[in-house]
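Heavy atoms only: backbone and side chains are in, while hydrogens, waters and symmetry mates are out. Indexing begins at 1, ligand by ligand and atom by atom, following the structure's order.
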Amino acid sequence: MTAMRILIVHAHPEPRSFNGALTDSARALLPTIGHELIVSDLYAMEWDPVSDRRNFTIRADPERYDQQAEERFAASAGSFSSDLRAEMDKLLWADTVIFQFPIWWLGMPAIMKGWIDRVFAVGVAYGGGKWLDQGRLAPRRAMLSVTTGGGAAPYADVGLYGPIDPILYPIHHGILRFTGFQVIEPFIVYGPSRMTELQRAATLAQYRLRLMNLASAPTLPVIHAADYENFVRRQA
Ligand SMILES: Cc1cc2nc3c(=O)[nH]c(=O)nc-3n(C[C@H](O)[C@H](O)[C@H](O)COP(=O)(O)O)c2cc1C
């Protein structure tokens with residue numbers, strides 16, 4: 001089995017939550033099967049999700065703040081703030097990234113969105129016409145591991161929220177595939193708080209199985225930048 005360098009970005013305020021149990025399972029398992037593991041536990045780190053001038057130690061333009069222009073400058077000058085640099089180093093070190101979070105308002109908790117807003121900077125995660133399979137973060141792989149409040153019913157075709165795939169699409173496509181990740185099928189736990197202890201234990205066992213088979217887990221279709229660019233040319 002090929003050893004992987006895995007980064008788990010974990011966003012849950014309560015260590016004894018089901019999200020906490022999922023990440024604890026990963027912590028216990030992954031090193032014992034030969035993988036290297038780093039966990040960024042965002043609440044424990046008191047991660048600051050607000051993306052602004054404080055991302056930079058030097059400003060390209062002190063008069064008017066343009067975040068992407070500042071990022072482009074900082075990527076070449078090496079002037080990201082130290083908290084950002086530390087997370088960027090972990091991201092670039094990893095070949096596989098797992099995002100562990102509860103669905104909040106059909107998206108990710110703000111602390112995790114803020115990690116992406118700040119860490120996925122121009123010149124680090126995207127920019128220079130590099131995207132999709134040619135993206136700066138290729139050939140990394142990523143997987144969402146998420147929990148929901150209700151059971152599966154609200155996520156049925158005619159359910160309150162509707163199917164989960166379109167809900168996760170902005171993350172899968174707009175963030176991960178855009179920056180070059182190959183996206184592993186998500187691990188979704190519907191309504192862990194409605195489960196019996198036995199069901200929760202069985203779900204944790206399924207997660208361990210997924211982690212053991214991470215290298216061969218199915219992925220979403222790759223979109224080739226060349227195909228997209230040909231498509232745009234044909235529309236012009
Ligand atoms: C601010 C907030 C927003 C939430 N929004 C949703 C939602 O849109 N859909 C949903 O299924 N559950 C929602 N929930 C419920 C959580 O997803 C649920 O409590 C969590 O996934 C259970 O995992 P845990 O036991 O690890 O906390 C929300 C919870 C909070 C606190």
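The aromatic rings of W131 and Y228 lie perpendicular to each other, with more than 60° between the two planes, well past the 30° mark. Between Y169 and H173, the ring-plane angle classifies as parallel under the 30° and 60° cut-offs.
For residues 110-127, every residue pair satisfying the side chain to side chain donor-acceptor pair (under 3.5 Å) rule, not counting sequence neighbours, is listed here: N55-R118, Q68-Y126, D83-R118, E87-W115, K113-D117.
Distances from atom 26 (O) of ligand 1 to the heavy atoms of N19, L22, T148, T23 show the closest one on N19. Here the shortest heavy-atom distance to atom 24 (P) of ligand 1, taken over R194, Q100, E14, H12, belongs to H12. Of the listed options Y190, W104, F101, W104 places a heavy atom closest to atom 30 (C) of ligand 1. For atom 6 (C) of ligand 1, the nearest non-hydrogen atom from the set L160, I167, I103 belongs to I103.
Remark: ligand 1 atoms within the under-4.0 Å shell around heavy atoms of F18 are 24 (P), 25 (O), 26 (O). Listed by number with element, the atoms of ligand 1 under 4.0 angstrom from any heavy atom of Y155 are 9 (N), 10 (C), 11 (O). Heavy-atom contacts of W105 reach the following atoms of ligand 1: 1 (C), 3 (C), 4 (C), 5 (N), 6 (C), 7 (C), 8 (O) (cutoff under 4.0 Å). Atoms of ligand 1 lying under 4.0 Å from at least one heavy atom of G150, given by number and element, are 11 (O). Remark: ligand 1 atoms within the under-4.0 Å shell around heavy atoms of T147 are 17 (O), 20 (C), 21 (O), 22 (C), 23 (O). Of all the atoms in ligand 1, the ones that sit under 4.0 Å from a non-hydrogen atom of P192 are 22 (C), 23 (O). With ligand atoms numbered from 1 in the order given, ligand 1 contributes 7 (C), 8 (O) to contacts under 4.0 Å with heavy atoms of L106.
Between I167 and Y155, the closest side-chain pair of non-hydrogen atoms falls below 4.5 Å.
Taking any N or O of G149, backbone or side chain, at least one lies under 3.5 Å from an N or O belonging to ligand 1. Looking at ligand 1, you won't find any N or O of P102 less than 3.5 Å from one of its N or O atoms.
Taking R200 as the reference, F18, M195, E197 meet the side chain to side chain contact (heavy atoms under 4.5 Å, CB included) condition, with sequence neighbours excluded.
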- Steps toward side-chain hydrogen bond (donor to acceptor under 3.5 Å, both in side chains) verdict (D133, H224): CA-CA 5 Å; D133 66 324; H224 298 279; 2.9 Å; yes

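Separation of atoms OG1 (T2) and CG (L214) is listed at 11.5 Å; rounding is to 0.5 Å. Atom CE of residue M4 and atom CZ of residue R141 lie 6.5 Å apart, to the nearest 0.5 angstrom.
Between the T148 side chain and the G191 main chain, a donor and an acceptor come within less than 3.5 Å of each other.
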